[in-house]
Number of protein chains: 2
Amino acid sequence: MQKELTKIQQNILDYLVEQRSKSRTPTLAEIAKHFGYKNRSTVQQHLQAIERKGFIKRNPKISRGIELTFENNYFIPHPVLGEVAAGNPLTIYPDSIDTVELPTIAHVPNDSFLLKVKGDSLKDAYIFTGDIVIVNPNMEAESGQFVVAVLDNEAVVKRLIKKENVIELHSENPEYEPIKIEKTHSNFQLVGVVIGVYRTMAKKVG
Amino acid sequence: MQKELTKIQQNILDYLVEQRSKSRTPTLAEIAKHFGYKNRSTVQQHLQAIERKGFIKRNPKISRGIELTFENNYFIPHPVLGEVAAGNPLTIYPDSIDTVELPTIAHVPNDSFLLKVKGDSLKDAYIFTGDIVIVNPNMEAESGQFVVAVLDNEAVVKRLIKKENVIELHSENPEYEPIKIEKTHSNFQLVGVVIGVYRTMAKKVG
DNA sequence: AATAGAACCATACAAATGTATGGTATGTAT
DNA sequence: ATACATACCATACATTTGTATGGTTCTATT
């Protein structure tokens, strides 16, 4: 049904998808600037071609009115900042080490990031190896919530329990002992709160 | 730190969040139209007030340039179309029966919908009661994928196995027998493919 | 009574945005 | 050699969009 896109058209479509997964679909001018075109008309013609071939739908007259027709069939690579141990700590990497493909349903805002889970200490919380935890570094952690923490440069995801003078990090798996953090502990840092767990069930099609 | 919003300002902010979770942040004109204002200036003044109180950040001169400063701290109610049984079938409801609060990280496009899981037959696939499955009705189901199907007006989520002349719906839990669907089966309908599973870990703050 | 803020409107304007037309160059298929 | 699609540009134009200013009404506070 759909004709093939030319290389340039594909590049533009990829850019649309990429921007789309951030927040806004770009304007013609923004697309032109990104690709170095001196003119919006060039973009306009490419978009018309892409629309003719059925990959996007444009809302006439509406700014940023580009819609992706394949929306949910499309999976977008998102950077994963590192792996986080459910049981024993693992290293958290400074830069993206990997990507996971999430459906376009998942929109990752600026200050949130993703970590891939390894280990089985959280299995009683129904979090498993390969799951993607979504971490918000700007949220106040409450007792009982799952958090990502760095202990001596190693990252863990555990349930946070606040007590009198101690913070405890619990695994759901009773085989692992709770870690006690004195308030004076130097090499402890709370990275963020786990706001969700996502697991990809179906891979990209088309 | 942040002052309180007036009722009208709160309504506008809610509208921003709602639209944001769909696809585009609205323009001033669109906001004005939605609230019945005859003028964009009214909206402009409200937005300025909301920004002054710290709830949004505006990108000057950029169309649809409103950003939510609380982004990931905010949870948006999404309609859940029904409950779907992992083990024995449950009813799927025609209209929204419930809502789940997803972080703004989750952007739900038009043709995708959410179902809440009940039952434990999928526990070996790490899907549990209370989890939200994201269903795409426009995706071609492949053998081995998890699908939502309606059998005699009851909905199930199971793994689809395509065989010669039969379609089988498997539970991961061996206690449940596979359901065999002859190609001539009248009361069977494939609803969609489960593209992901989401579980909310932390609730709304602020 | 005077003041201040909230809520709304009309008007105006510059810039951004989508759109249309005509033109040039290049490669490819017929 | 001709025709055609792709890729790009310049120019032009009507809306859309964000922004600013001044004015009116209402309510709450001092």
Side-chain angles (χ1 to χ4, degrees), chain A residues 1-69 71, chain B residues 1-69 71:
Chain A
M1 172 57 75
Q2 290 173 336
K3 293 178 191 169
E4 289 243 331
L5 292 177
T6 68
K7 196 161 189 174
I8 292 177
Q9 289 163 4
Q10 184 62 53
N11 285 343
I12 292 180
L13 183 58
D14 288 344
Y15 179 67
L16 294 180
V17 173
E18 181 195 324
Q19 292 302 114
R20 170 77 180 64
S21 73
K22 298 233 174 85
S23 53
R24 273 180 286 278
T25 38
T27 63
L28 300 207
E30 288 166 359
I31 299 170
K33 188 182 177 187
H34 179 263
F35 287 96
Y37 295 131
K38 295 177 180 173
N39 204 290
R40 284 165 289 152
S41 292
T42 305
V43 176
Q44 165 80 332
Q45 284 160 21
H46 283 139
L47 291 181
Q48 283 171 343
I50 297 173
E51 184 173 27
R52 222 179 304 119
K53 294 177 182 177
F55 291 85
I56 60 173
K57 187 178 177 312
R58 302 186 67 197
N59 289 337
K61 307 257 181 187
I62 290 180
S63 68
R64 305 176 189 278
I66 301 172
E67 282 170 31
L68 308 177
T69 55
E71 194 76 276
Chain B
M1 172 58 74
Q2 291 172 338
K3 293 178 190 169
E4 289 244 331
L5 293 177
T6 68
K7 196 161 187 176
I8 292 176
Q9 289 162 4
Q10 185 62 53
N11 285 343
I12 291 180
L13 183 58
D14 289 344
Y15 179 67
L16 294 180
V17 173
E18 181 194 323
Q19 292 302 115
R20 168 79 178 64
S21 73
K22 295 231 176 87
S23 54
R24 275 179 284 279
T25 38
T27 63
L28 300 207
E30 288 166 358
I31 300 171
K33 188 181 179 188
H34 179 262
F35 286 97
Y37 295 131
K38 294 178 181 172
N39 205 290
R40 284 165 289 151
S41 293
T42 305
V43 176
Q44 165 81 331
Q45 284 159 21
H46 283 139
L47 291 182
Q48 283 171 344
I50 297 173
E51 184 173 27
R52 221 180 304 121
K53 295 178 182 178
F55 291 85
I56 60 173
K57 187 179 177 311
R58 301 186 68 195
N59 288 338
K61 306 258 181 185
I62 290 180
S63 67
R64 306 177 187 277
I66 301 172
E67 282 170 30
L68 308 176
T69 55
E71 195 79 277

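Order of the sequence lines sets the chain letters (A, B, ...), proteins ahead of strands, with each chain counted from 1.
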Gap between atoms CD and C1', on B:Q48 and C:dC8 respectively (whole Å): 14 Å
For nucleotides 25-30 of chain C, just jot down a letter per nucleotide in 5' to 3' order: B, S or -, based on protein non-hydrogen atoms under 4.0 Å. ------
Using a heavy-atom distance cut-off of less than 4.0 Å, which residues of residues 39-46 of chain A contact DNA chain D? A:N39, A:S41, A:T42, A:Q45, A:H46
B:N59 CG to C:dA15 P: how many Å, rounded? 19 Å
Roughly how far apart are A:H46 NE2 and A:L5 CG, rounded to 0.5 Å? 11.0 Å
Closest non-hydrogen atom pair between A:E67 and A:N59, with its separation: OE2-ND2, 3.1 Å
Can you give me the first and the last nucleotide of DNA chain D (5' to 3') that has an atom within less than 4.0 angstrom of a non-hydrogen atom in chain B? D:dT17 to D:dG22
Pairwise distance CG(A:L16) to CD1(A:I31) - rounded to 0.5 angstrom: 5.0 Å
For B:R64, enumerate each residue passing the side chain to side chain contact (heavy atoms under 4.5 Å, CB included) test, keeping only those at least two apart in sequence or located in another chain. A:R24, A:I62, A:S63, A:R64, B:R24, B:T25, B:T27, B:E30
Partner residues of A:Q48 under the side chain to side chain contact (heavy atoms under 4.5 Å, CB included) criterion, sequence neighbours left out: A:Q44, A:Q45, A:R52, A:R58
Rounded to the nearest Å, what distance is computed from the CD atom of residue B:Q9 to the P atom of nucleotide C:dG5? 14 Å
Tell me the interatomic distance from A:L28, atom CG, to C:dA15, atom C1', rounded to whole angstroms. 15 Å
Given atom CD1 of B:I62 and atom P of C:dA16, what is their separation to the nearest angstrom? 10 Å
How many Å lie between CD1 on A:I66 and C1' on C:dG18, as a whole number? 11 Å
Apply the side-chain contact (heavy atoms from CB on, under 4.5 Å) test between B:I12 and each candidate in B:V17, B:L47, B:T6; give the one that qualifies. B:L47
Separation of C:dC8 atom C1' from B:I12 atom CD1, nearest Å, is 11 Å
Side-chain donor-acceptor pairs under 3.5 Å in residues 34-42 of chain A, sequence neighbours left out?
residue	atom	partner	partner atom	Å
A:N39	OD1	A:S41	N	2.8
A:N39	OD1	A:S41	OG	3.1

Can you name the nearest heavy-atom pair linking B:L28 to B:V43, along with the distance? O-CG2, 3.8 Å
